[in-house]
Amino acid sequence: MRNKFYEQLDMLHVELIKMGALCEEAVASAMGALEKNDITMLERVFEADSEIDNKEREIERLCMRLLLQQQPVATDLRVISSALKMITDMERVGDQASNIADLSKVLITSGKRINPDMTKMAKETIKMVTDSVDAFVKNDLELARKVIAYDDVVDNWFVKMKNEVIDMIAEDSSMGEYSIDVLMIAKYLERIGDHATNIAEWVEFSITGTRSNDN
């Protein structure tokens, strides 16, 4: 009975890795389309978002089977309940990537480009998503806490982008609409960083029974 349980728990880890990879791909494709001025890349973002939604439902069903059929003990129960919380944040990462893709389509169609700082912010954000899922799979408390601390880095990038937008509008008022789109993309990236932080906090909870924001 316990062997079956641990087989299903391993399956949960595998499915979370797949879902995390889809989240990374969605964000990377949305931003990559902007960098390369390639509108065809955006279709993959919407496909990945749909796959993320499906993966969320699959993992929910797997978690419910583990809870109802296997009657996990306290530590394992924390792992499963944390996974259920994590997939909610991962699904929202997919949604935010789709929002970025919608704005990217507008910018690419209008011939506008983003500056290198936005690309750097995107890479930092994707790193947070990757590391938060890795922390869960590897049961790595130190990595989870690094992700939580790293949220400040992405927040600082958002402040930098906001200031750049303000300067852009001050220099050329005709750039107003473009500036708002750029600021919204930065905001979506900042929110993705928040979701990665939430994931890392649930990893922390699964290991220790407490979360940083509860202290």
Side-chain angles (χ1 to χ4, degrees), residues 18-57 86-133 147 150-200:
K18 291 178 181 177
M19 191 173 181
L22 287 168
C23 289
E24 294 167 42
E25 183 181 4
V27 180
S29 295
M31 296 306 299
L34 270 178
E35 289 177 55
K36 298 175 182 178
N37 207 35
D38 183 357
I39 202 167
T40 63
M41 291 180 66
L42 297 177
E43 188 58 37
R44 182 55 196 147
V45 181
F46 302 117
E47 291 173 356
D49 185 28
S50 178
E51 291 174 29
I52 288 167
D53 291 343
N54 291 335
K55 191 63 66 180
E56 180 189 27
R57 289 188 286 271
M86 287 166 58
I87 59 175
T88 298
D89 280 292
M90 292 166 79
E91 188 273 335
R92 288 174 183 164
V93 168
D95 290 343
Q96 303 292 353
S98 287
N99 290 336
I100 292 173
D102 287 333
L103 289 171
S104 296
K105 184 181 292 185
V106 173
L107 292 178
I108 293 169
T109 302
S110 66
K112 298 289 195 307
R113 305 296 293 269
I114 55 170
N115 65 29
D117 283 345
M118 184 74 82
T119 301
K120 292 174 185 175
M121 182 181 181
K123 287 179 179 176
E124 302 284 20
T125 306
I126 294 169
K127 173 180 169 58
M128 286 185 69
V129 175
T130 302
D131 287 350
S132 63
V133 177
V147 173
Y150 210 77
D151 189 42
D152 288 340
V153 174
V154 172
D155 287 347
N156 289 338
W157 272 113
F158 175 69
V159 172
K160 181 175 175 59
M161 292 303 306
K162 182 170 64 174
N163 290 336
E164 288 181 9
V165 164
I166 291 170
D167 291 342
M168 191 187 307
I169 296 173
E171 291 174 9
D172 185 354
S173 60
S174 68
M175 297 294 285
E177 187 173 347
Y178 165 74
S179 300
I180 291 171
D181 288 342
V182 168
L183 185 60
M184 286 304 301
I185 291 173
K187 185 60 180 176
Y188 289 136
L189 288 172
E190 188 263 342
R191 287 177 181 170
I192 290 170
D194 289 343
H195 290 307
T197 300
N198 289 344
I199 293 168

Quick one: CG on D117 to CG on N163, what's the gap to the nearest 0.5 Å? 11.0 Å
Contact check, side chains of V147 and V129, non-hydrogen atoms, under 4.5 Å: no
Straight-line distance of I192 CD1 to Q96 CD, nearest 0.5 Å: 6.0 Å
Could you check if a side-chain atom of E177 sits within less than 4.5 angstrom of a side-chain atom of I180, using non-hydrogen atoms only? no
Closest heavy-atom pair, M168 versus S179, reported as atoms and distance to 0.1 Å, is SD-OG, 3.2 Å
Can you tell me if K127 has over 12 outside heavy atoms packed within less than 6.0 Å of its NZ? no
Positive for side-chain contact (heavy atoms from CB on, under 4.5 Å) with S104, one of N99, D181, L42: L42
Taking 4.0 angstrom as the limit, do E51 and R44 come out as a salt bridge? yes
V153 vs Y150, test: side-chain contact (heavy atoms from CB on, under 4.5 Å). Steps then yes/no. CA-CA 5 Å; V153 174; Y150 210 77; 3.9 Å; yes
Correct closest heavy-atom pair for G20 and V133 would be CA-CG2, 4.1 Å
Verify side-chain contact (heavy atoms from CB on, under 4.5 Å) between T197 and D89, making sure each step is shown before the conclusion. CA-CA 9 Å; T197 300; D89 280 292; over 6 Å; no
Nearest-0.5 Å distance, CG of residue L107 to CG of residue L34: 5.5 Å
With salt bridge (charged side-chain N to carboxylate O under 4.0 Å, His left out) as the criterion, how do E164 and K160 come out once you've worked through the C-alpha distance, each side chain's angles and the decisive distance to 0.1 Å? CA-CA 6 Å; E164 288 181 9; K160 181 175 175 59; 3.7 Å; yes
Just do the side-chain contact (heavy atoms from CB on, under 4.5 Å) check on M121 and E190 with the steps written out, would you? CA-CA 9 Å; M121 182 181 181; E190 188 263 342; 4.1 Å; yes
Step-by-step side-chain contact (heavy atoms from CB on, under 4.5 Å) determination, T88 to E56: CA-CA 7 Å; T88 298; E56 180 189 27; 4.2 Å; yes
Keeping the roles fixed (side chain from D49, backbone from V45), state whether a donor-acceptor pair exists under 3.5 Å. no
Do T119 and M31 come within less than 4.5 Å of each other through their side chains, counting heavy atoms only? no
Between atom CG of L103 and atom NZ of K105, what is the distance when rounded to the nearest 0.5 Å? 11.0 Å
Please check: side-chain N/O of S132 versus main-chain N/O of M128, any donor-acceptor pairing under 3.5 Å? yes
Which distance, rounded to the nearest 0.5 Å, do you find between the CG of D155 and the CG of D194? 6.0 Å
Do F46 and S98 come close enough that some side-chain heavy atom pair is under 4.5 Å? yes
So do L183 and F158 actually touch side chain to side chain, heavy atoms under 4.5 Å? yes
Closest non-hydrogen atom pair, M90 against C23: O-SG, 3.3 Å
Side-chain heavy atoms of I52 within contact of D95, under 4.5 Å: no
Under the 3.5 angstrom rule, does the side chain of S29 hit a backbone N or O of A26 as a donor-acceptor pair? no
Nearest 0.5 Å please: distance from the CD atom of E91 over to the CE atom of M19. 6.5 Å
Take atom CD in E47; do more than 12 heavy atoms of anything else shown fall under 6.0 Å from it? yes
Work out which heavy atom in A33 is nearest to a heavy atom in I108; give both atom names and the distance. O-CD1, 3.4 Å
Can you check whether L189 reaches W157 side chain to side chain, under 4.5 Å on heavy atoms? no
